[in-house]
Amino acid sequence: RTPRRPLARLHAHHARIESGELAVGDTVKLAIDVARRDAIRANHSATHLLHAALRNRLGGHVTQKGSLVAPDRFRFDFSHPSALTAQEIAEIETDVNSEIRPNEAVSTRLLTPADAVAAPPPIIVPPDNPDAAVVFDLKISKDIPLSGQDRFDAVSEPITRGLYQSAYSAKENAIYVTAAIGRPPVTQSELIKVDADTLKIEARITPARIPGHDDNRVYAVYGVAVDDVNGNVWVTNTRDNTVAVYRQSDLKLVKQFEAGAVPHGRDVIVDGERGRVYASSVEEPKIAVFDARTLQKLPDIEIASGVRGEKFSPMSLDLDRSTGKLFTVSISTSETAVIDGVSGRTEKVIALTNAASASGVAWDSDTKRLLVASQGSDNLLIVDPVSGNIVHDVYVGNGALNVVYDPVIKLAFVSNRGAGTVTAVDASGRIVANLEAGTLPNHLHDDGRGHVYSVNKSRGAEDPRGDRLTRFSLKSK
């Protein structure tokens with residue numbers, strides 16, 4: 001008999017025993033009545049053909065109001081201000097039969113209208129007394145063609161599986177890259193030191209195992225930042241709600257902080273001049289603060305959302321290194337915060353009306369504007385932090401995840417995870433280049449020398465475009 005669903009995603013079958021016995025623990029084989037199912041499928045298809053014929057003959061106002069689909073018949077309920085005439089019925093029957101008689105194969109395609117707005121579209125599905133419902137978020141993204149390749153050099157090298165972030169050390173002339181594979185318990189993770197000129201690996205370590213477990217889980221590393229004043233590398237252990245410090249020269253562990261120091265820590269950034277380290281805590285409305293020299297934890301910076309009843313969920317971090325101001329964005333409320341890093345006081349929270357799932361932030365030190373990348377709305381916002389106004393709204397491509405500003409090239413670079421591109425944008429909001437960036441570009445950073453580094457993930461171990469570190473720079477004239 002037709003299965004029932006007493007609970008969400010639980011299918012219960014009613015059966016009639018015609019011979020033999022059935023006991024708990026027995027294995028049974030379920031098989032559909034193919035002839036009956038094919039008849040139902042045919043009548044189901046006929047309801048769609050009838051719906052189309054009705055709309056064609058009577059007008060676009062006709063909508064389905066109900067239906068019955070059985071092996072031997074179907075009923076189709078629809079809206080119309082009057083009963084059908086005999087001639088209308090005959091014409092509709094002819095239309096439906098003319099579609100049935102060719103017996104053409106059926107194919108399924110998902111089509112996007114040419115004029116579709118690049119945004120999550122409203123989707124209405126009217127169910128009839130469902131046992132359960134699953135809601136899927138869909139988003140339409142425009143295709144931004146590649147451009148500007150003639151202006152940039154791109155050097156790329158494979159590194160390892162599961163690349164997450166990277167950071168440049170001028171002291172070591174090295175790139176420090178984090179990598180982690182899988183969900184908890186994570187057993188594969190690396191902190192890797194790469195020569196900034198050759199992009200070749202100089203050293204690599206696997207983080208220490210987490211005590212108290214017998215499944216080989218390690219303190220997997222995700223966010224990364226360098227402290228050239230004290231010769232350290234800071235990482236976030238996102239899955240374990242903490243951070244760790246390693247020595248730049250040989251990647252020796254300096255300090256592993258206790259679990260809970262940074263709930264679901266994502267980004268980490270170092271203000272070397274003022275001796276402060278900041279780590280964003282996605283699950284809490286706060287920024288964790290540490291003393292870069294003593295490695296002691298300091299009071300957290302609290303951030304209150306301007307959205308009633310919601311929590312600010314900080315993601316990326318950036319600094320105005322001339323003043324010590326700290327910037328972050330909230331993925332849950334699409335806001336950006338301006339923080340006085342010295343006092344730990346949140347100065348301003350700015351609503352980003354054109355952003356959805358804001359995730360990346362950068363400081364344009366030349367124009368004194370904030371740059372915000374939002375993966376839900378696929379755009380880069382250029383924001384005046386004084387007035388809170390959005391100066392430019394630039395569509396850059398599917399999944400705008402991260403942004404960095406290079407003060408030498410004087411361009412913003414956005415990694416578009418879904419599109420597989422890095423987009424260069426000038427201060428006026430004009431796209432200067434849209435560059436190939438491999439599979440799932442995840443993070444960007446600059447080295448202050450006119451180079452922008454990108455790390456990208458992969459769709460498996462055999463993905464030739466995945467798990468790479470790429471250096472972008474302007475071509476020499």
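Treat the numbers as computed from the prediction; the structure is a model and nothing was measured. We're numbering straight along the sequence, starting at 1.
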Between Val349 and Ile303, is the side-chain contact (heavy atoms from CB on, under 4.5 Å) condition met? List the steps. CA-CA 8 Å; Val349 174; Ile303 308 173; 4.1 Å; yes

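- Side-chain N/O atoms of Thr242 and Asn237 include no donor and acceptor closer than 3.5 Å.
- Donor-acceptor pairing under 3.5 Å is lacking for the side chains of Ser280 and Asp267.
- Listed by chain and number, the residues in a salt bridge (charged side-chain N to carboxylate O under 4.0 Å, His left out) with Lys410 are Asp366 (sequence neighbours excluded).
- Around the CZ atom of Arg449, the shell of radius 6.0 Å holds more than 12 heavy atoms that belong to other residues, nucleotides or ligands.
- For the residue pair Asn402 / Ser415, no side-chain donor-acceptor distance below 3.5 Å is found, with atom types taken as modelled.
- Look at Glu190 and Arg204 and you find a salt bridge, because one of the NZ, NE, NH1 or NH2 atoms lies within 4.0 Å of a carboxylate O, short of that distance.
- With hydrogens and angles left out, the side-chain atoms of Ser330 and Ser313 include no donor and acceptor closer than 3.5 Å.
- Looking at every heavy atom in both residues, Arg151 comes nearest to Val432 through NH1-CG1, 2.7 Å.
- Donor-acceptor pairing under 3.5 Å is lacking for the side chains of Asn416 and Gln375.
- A donor-acceptor contact under 3.5 angstrom links the side chains of Glu335 and Ser305, judged on distance only.
- A ring-centre distance under 6.0 Å is found for Trp234 and Phe290.
- Around CZ of Arg321, the count of heavy atoms belonging to other residues, nucleotides or ligands within 6.0 Å exceeds 12.
- A side-chain donor-acceptor contact under 3.5 Å links Tyr395 and Asp378.
- Using a cut-off of 4.0 Å between Lys/Arg side-chain N and Asp/Glu carboxylate O, Lys325 and Glu347 are scored as salt-bridged.
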List the steps, then state whether side-chain contact (heavy atoms from CB on, under 4.5 Å) holds for Arg217 with Arg209. CA-CA 6 Å; Arg217 68 179 65 185; Arg209 290 185 182 179; over 6 Å; no

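- With rounding to the nearest 0.5 Å, the separation of CD1 in Ile159 from CG in Leu469 is 5.0 Å.
- Taking CG of Asp446 as the start and CG of Leu411 as the end, the distance is 11.5 Å to the nearest 0.5 Å.
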Would you sort out whether Asn389 and Asp384 count as a side chain to side chain donor-acceptor pair (under 3.5 Å), showing the intermediate values? CA-CA 5 Å; Asn389 293 332; Asp384 179 355; 5.6 Å; no

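- Using a 4.5 Å cut-off on side-chain heavy atoms (C-beta onward), Val233 and Arg247 make no contact.
- Taking the six-membered ring for Trp, Phe152 and Phe472 have ring centres at least 6.0 Å apart.
- Side-chain contact check for Thr238 and His264: no donor-acceptor pair (N or O, by modelled atom type) lies under 3.5 Å.
- A salt bridge links Asp426 with Arg430: at least one charged nitrogen is closer than 4.0 Å to a carboxylate oxygen.
- In terms of heavy atoms, His445 sits closest to Ala167 at NE2-C, 3.5 Å.
- Side-chain polar atoms of Thr423 and Asn434 form a donor-acceptor pair below 3.5 angstrom.
- Residue Leu401 holds its CG atom at 9.0 Å from NE2 of His443, rounded to the nearest 0.5 Å.
- The aromatic rings of Phe327 and Trp363 sit parallel, their planes meeting at an angle under 30°, below the 60° perpendicular limit.
- No side-chain donor from either of Gln296 and Thr294 sits under 3.5 Å from a side-chain acceptor of the other.
- A 6.0 Å sphere centred on CG of Asp250 holds more than 12 heavy atoms belonging to other residues, nucleotides or ligands.
- Between Glu172 and Lys193, at least one side-chain N (NZ, or NE/NH1/NH2) sits under 4.0 Å from a carboxylate O, which counts as a salt bridge.
- Stacking of Lys297 on the aromatic ring of Phe257 is not recorded, the 6.0 Å distance cut-off and the 45° axial limit not both being met.
- Distance check, rounded to the nearest 0.5 Å: CG of Asn442 to OG of Ser458 gives 11.0 Å.
- Within the model, atoms NE2 of His392 and CD1 of Ile382 stand 5.0 Å from one another, a figure rounded to the nearest 0.5 Å.
- A salt bridge links Asp467 to Arg161: at least one charged side-chain nitrogen sits closer than 4.0 Å to a carboxylate oxygen.
- Here the CD-CZ distance, from Glu283 to Arg266, works out to 13.5 Å after rounding to the nearest 0.5 Å.
- Counting non-hydrogen atoms of neighbouring residues, nucleotides and ligands closer than 6.0 angstrom, the NZ atom of Lys200 reaches no more than 12 such neighbours.
- Counting heavy atoms of neighbouring residues, nucleotides and ligands inside a 6.0 Å radius, atom NE2 of His44 does not exceed 12 of them.
- A donor-acceptor contact under 3.5 angstrom links the side chains of Tyr168 and Asn173, judged on distance only.
- For the pair Thr336 (side chain) and Thr328 (backbone), a donor-acceptor distance under 3.5 Å is present.
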